[in-house]
Number of protein chains: 2
Amino acid sequence: MKKICAHPHPPRREKISDLTGRLRRESRKITGPRAAILEILHAHPHPLTNREILSALPKSSCDLATVYRSLHLLEKMGMVKRYHFHDGAARFELVGAGDNGHHHHLVCVNCAGVVEIAECFPEEIEKKIARTNGFKNVTHKLEFFGTCPKCQA
Amino acid sequence: MKKICAHPHPPRREKISDLTGRLRRESRKITGPRAAILEILHAHPHPLTNREILSALPKSSCDLATVYRSLHLLEKMGMVKRYHFHDGAARFELVGAGDNGHHHHLVCVNCAGVVEIAECFPEEIEKKIARTNGFKNVTHKLEFFGTCPKCQA
DNA sequence: CGCGTGTTGCAAACGATTTGCAATTAAAAA
DNA sequence: TTTTTAATTGCAAATCGTTTGCAACACGCG
């Protein structure tokens with residue numbers, strides 16, 4: 001119920017120094033907690049909850065509130081993306097430098113294991129939907145749910 | 001920030017008596033609160049939060065906890081479907097009798113107005129995703145977000 | 001090295017949702 | 001219709017994820 005299933009990974013990765021550089025450029029401080037959080041996000045290429053990040057952090061590096069605040073900041077700067085899976089908790093994943101981070105996941109409803117999915121909702125159809133309804137700046141949230149191989153007992 | 005935008009509606013509708021019948025068949029009681037909640041869901045063909053349902057109910061028909069419990073029951077019986085839009089609150093929408101209720105929404109990020117969307121994620125691609133990753137019983141959650149005509153100031 | 005502003009820890013506040021329990025009531029049984 | 005019984009409700013307290021006020025603190029510029 002807690003393990004992570006198989007998950008092939010895209011090659012986009014960014015050096016930690018690049019990450020901190022982005023922070024510095026916006027006159028934000030590179031504090032201990034932030035550096036540690038970036039390390040964790042960098043090491044776990046899956047959406048993580050605030051609590052998961054906290055417990056992955058070296059021996060009480062910081063307070064849970066700081067994790068929340070850091071992720072807000074990173075999200076506002078476009079460095080992480082927020083996801084919502086089955087439970088109520090928000091999850092965050094690092095976004096590559098050039099990358100806009102838009103992609104989807106296939107989540108196991110049993111063990112919560114995550115696989116990144118390359119496929120996306122067809123752009124032309126999304127445009128048509130926007131046009132038909134007179135909406136602007138239309139985007140989408142899309143996640144797949146199912147039972148992973150290991151959990152098909 | 002609170003009004004509902006335009007929203008064409010599919011013809012699927014079910015008589016209240018059919019709804020209560022479904023309850024009765026599972027030896028659940030047709031109580032005042034439940035009947036009232038079904039009325040509201042039937043009258044508002046959009047996903048509603050528990051709180052919205054409560055305040056739409058005739059003059060304190062019941063407690064908020066009862067709304068929560070009723071919607072859990074209805075969800076478990078497959079009579080309503082749960083959605084998550086931008087804010088943290090769950091929203092529920094009645095599911096037609098034959099219908100499995102699977103459809104998506106286009107939500108205005110400004111006024112929270114909702115439009116039902118007929119389009120769905122291509123089934124063959126979903127099947128391919130499931131096959132490729134060895135997952136079973138794969139479904140998806142898909143919602144569109146954008147700015148509705150009225151909110152494009 | 002000292003200062004000023006961005007940051008943090010802590011605890012309290014919050015909003016959504018859940019739950020224990022005793023009182024209530026719809027529906028089956030008599 | 002009355003009785004019986006199990007489902008249901010109200011209320012308040014408990015949870016959970018998340019946010020925030022505030023005083024203490026620490027980057028990093030000069």
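Lettering of chains follows the sequences in order, A, B, ..., and the numbering in each one begins at 1.
- With a cutoff of under 4.0 Å to any heavy atom of chain A, the contacted region of DNA chain D is bounded 5' to 3' by dG17(D) to dG28(D).
- Under the side chain to side chain contact (heavy atoms under 4.5 Å, CB included) criterion, Glu26(A) pairs with Arg28(A), Met77(A), not counting sequence neighbours.
- Annotation: side chain to side chain contact (heavy atoms under 4.5 Å, CB included) contacts of Ala130(A) (sequence neighbours excluded): Val138(A).
- The ring pair (Phe, Tyr, Trp, His ring centres under 6.0 Å) check on Phe145(B) picks up His86(B), with sequence neighbours excluded.
- The distance from the CZ atom of Arg22(A) to the OG atom of Ser17(A) is 12.0 Å, given to the nearest 0.5 Å.
- Partners of His84(A) under the side chain to side chain donor-acceptor pair (under 3.5 Å) rule, at least two apart in sequence or in another chain, do not exist in this structure.
- Qualifying side chain to side chain donor-acceptor pair (under 3.5 Å) partners for Lys128(B), counting only residues two or more places apart in sequence or in other chains: Glu119(A).
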Look for any protein N or O under 3.5 Å of an N or O in nucleotides 15-18 of chain C and output each such pair with its distance, or none.
unit_1: dA16(C); atom_1: OP2; unit_2: Arg51(B); atom_2: NE; d: 3.4
unit_1: dA16(C); atom_1: OP2; unit_2: Arg51(B); atom_2: NH2; d: 3.3
unit_1: dT17(C); atom_1: OP1; unit_2: Ala90(B); atom_2: N; d: 2.9
unit_1: dT17(C); atom_1: OP2; unit_2: Tyr68(B); atom_2: OH; d: 2.6
unit_1: dT17(C); atom_1: O5'; unit_2: Tyr68(B); atom_2: OH; d: 3.3
unit_1: dT18(C); atom_1: OP1; unit_2: His72(B); atom_2: NE2; d: 3.1
unit_1: dT18(C); atom_1: OP2; unit_2: His72(B); atom_2: NE2; d: 3.1

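- Non-hydrogen atoms lying under 4.0 Å from DNA chain D are contributed by Arg28(B), Lys29(B), Thr31(B), Pro33(B), Arg34(B), all within residues 28-36 of chain B.
- Judged as a side chain to side chain donor-acceptor pair (under 3.5 Å), and not counting sequence neighbours, the contacts of Lys127(A) are Glu123(A).
- With sequence neighbours left out, the side chain to side chain contact (heavy atoms under 4.5 Å, CB included) criterion links His102(B) to Lys81(B), Asn100(B), His104(B), Cys120(B), His140(B).
- Between the OG1 atom of Thr49(B) and the OH atom of Tyr83(B) there is a distance of 15.5 Å, given to the nearest 0.5 Å.
- Summary for the helix from dT18(C)-dA13(D) to dA30(C)-dT1(D): the axes at its two ends, each from 5 pairs, differ by 30° when rounded to the nearest 10 degrees.
- For the side chain to side chain contact (heavy atoms under 4.5 Å, CB included) test, residues two or more places apart in sequence or in another chain that qualify with Asp87(A) are Ala89(A), Arg91(A).
- Looking only at atom types and distance, the side chain of Glu116(B) has no donor-acceptor partner in the side chain of His46(B) under 3.5 Å away.
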